[in-house]
Amino acid sequence: MKFKKAFTAFAGLAAAALVLTGCSSGDSSEPEVESDVSFEEGTTMAQLNADQSITIGVKFDQPLFGLQGPDGTPEGFDIEIGKIIAAKLGIPAENITWTETVSQNREPFIQQGQVDLVIATYTINDERKEVIDFAGPYYVAGQSFLVPEGNPLGIDGSDPESVGDATICTVTGSTSEDNIREYTDNVITVDKYSDCLEPIRTGEADALTTDNVILAGLVDQNEGEFEVTEGTFTEEPYGIGLEKGDQEFRDFINDTLEESYSDGAWEAAWTSTVGDILPTPEPPAVDRY
Ligand code: GLU
């Protein structure tokens, strides 16, 4: 296989750090907001705490990770991670402004200061690190395919050559697009993953390719219509995007993630969202590059 991204920083997963809390209530309980915080003057943390508000870019159309709920507020694992970070900044969940980001506008939104953070199934990679920084990873996904139920073309998630001359739908500006173009030119692109479902229903496309957990959410949302192919062909470490060069903020978020691994908050975030359909994984070691 010519394309397999090595992500060696995961050696030594923080398995021992995961405290099993035994509580797995279906509903998300809001993380406790720090009331007694003090941050060094001039830091982003001090500014956000003083403002008592934070703006976070998330997905609005991806069940399990970031999906706009009936009242307009998004729900999912990325949302819960955002609440954990805000709580450590002394900011309650109701003071978070959730801004929709799609794959291609995540870096520009950070660079232009339209959001303080992006938590949006956002793969850490070197190209993106040229213009923004990442805390994390806080989860590692892998790219696969969503196909009509029964997988009529026999596409294999661990072998992207198996797409043959099928038409593959994916999203502009995603690693999913870059990765699949290594194997085929027969690609159509849209702004959001949910926009690939109709082309598959009409036969305009044969499959959707992106991260397995995004696909699992879409399959779950559209019962009986689609399935996710077995296997994956990439590693997609999900990071939290922030302004390039803000080392103190990045360290703070990495510390917060590690704490959430050991105090049970990360696991509770998973259980109340993705945990409805997928078992709890080990949290990955953060990469303080
Ligand atoms: N994780 C991949 C990326 O960051 C695909 C998912 C997405 O587009 O959000 O590009």
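Counting convention: from 1, in listed order, for ligands and their atoms alike.
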Checklist entry - Given that the side chain starts at C-beta and the backbone is N, CA, C, O, which of these parts of Arg106 lies under 4.0 Å from ligand 1, counting heavy atoms, or is it both or neither? => result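 Answer for Arg106: side chain.
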Next on the checklist: Please classify the Ile214 to ligand 1 contact at 4.0 Å (heavy-atom distances, strictly less than): side chain, backbone, both or neither.
Outcome noted: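 The side chain, only.
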Would [X] count as being in polar contact with ligand 1, using the rule that some N or O on each side must be under 3.5 angstrom apart?
X	value
Thr175	yes
Ser103	yes
Tyr122	no
Lys59	yes
Thr121	yes

Any atoms of ligand 1 less than 4.0 Å from a non-hydrogen atom of [X]? List them with their elements.
X	answer
Thr210	5 (C), 6 (C)
Ser176	5 (C)
Ala120	9 (O)
Tyr238	1 (N)
Ser174	8 (O), 10 (O)

Checklist entry - Should one rank Glu236, Arg128, Glu177 by closest heavy-atom distance to atom 4 (O) of ligand 1, which comes out on top? => result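 Checking each option, the heavy atom nearest atom 4 (O) of ligand 1 is found in Arg128.
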Next on the checklist: For a 4.5 angstrom cut-off between non-hydrogen side-chain atoms, does Phe39 reach Leu89?
Outcome noted: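 They are in contact (side-chain heavy atoms under 4.5 Å apart), so the answer is yes.
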Item to check | Minimum side-chain heavy-atom gap Phe60-Val58 below 4.5 Å | outcome: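 Yes - at least one pair of side-chain heavy atoms lies under 4.5 Å apart.
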Item to check | Protein heavy atom at shortest distance from atom 7 (C) of ligand 1 | outcome: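 Of the protein heavy atoms, Tyr193 OH, 3.3 Å lies nearest.
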For [Y], is there any backbone N or O sitting under 3.5 Å from a side-chain donor or acceptor partner on [X]?
X	Y	value
Gln221	Gly217	no
Asn105	Val102	yes
Asp206	Thr167	yes

Next on the checklist: Set out, in order, the CA-CA distance, both residues' side-chain angles and the distance that settles side chain to side chain contact (heavy atoms under 4.5 Å, CB included) for Asn222 and Arg201, then state yes or no.
Outcome noted: CA-CA 11 Å; Asn222 297 278; Arg201 289 188 182 110; 3.2 Å; yes
Next on the checklist: So is Asp211 touching ligand 1 or not, going by heavy atoms under 4.0 Å?
Outcome noted: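 It does, in that a heavy atom of Asp211 comes within the 4.0 Å cut-off of ligand 1.
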Next on the checklist: Tell me whether Gln143 reaches ligand 1 (any heavy atom closer than 4.0 angstrom to a ligand atom).
Outcome noted: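 Judged by the 4.0 Å heavy-atom criterion, Gln143 does not count as contacting ligand 1.
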Checklist entry - In terms of the angle between their ring planes, are Tyr139 and Phe65 parallel, tilted or perpendicular, with boundaries placed at 30° and 60°? => result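 Taking Phe65 first and then Tyr139, their aromatic rings sit tilted (interplane angle of 30° to 60°).
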Next on the checklist: Parallel, tilted or perpendicular: which one describes the rings of Phe233 and Phe145, with boundaries at 30° and 60°?
Outcome noted: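 Phe233 vs Phe145 ring planes: parallel.
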Next on the checklist: On a heavy-atom basis, which atom in Ile79 and which in Glu75 lie closest, and how many Å separate them?
Outcome noted: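 Heavy-atom minimum between the residues: CG1-C, 3.4 Å.
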Next on the checklist: Aromatic contact between Tyr122 and Phe134, with the criterion being ring centroids under 6.0 Å apart: yes or no?
Outcome noted: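 Yes.
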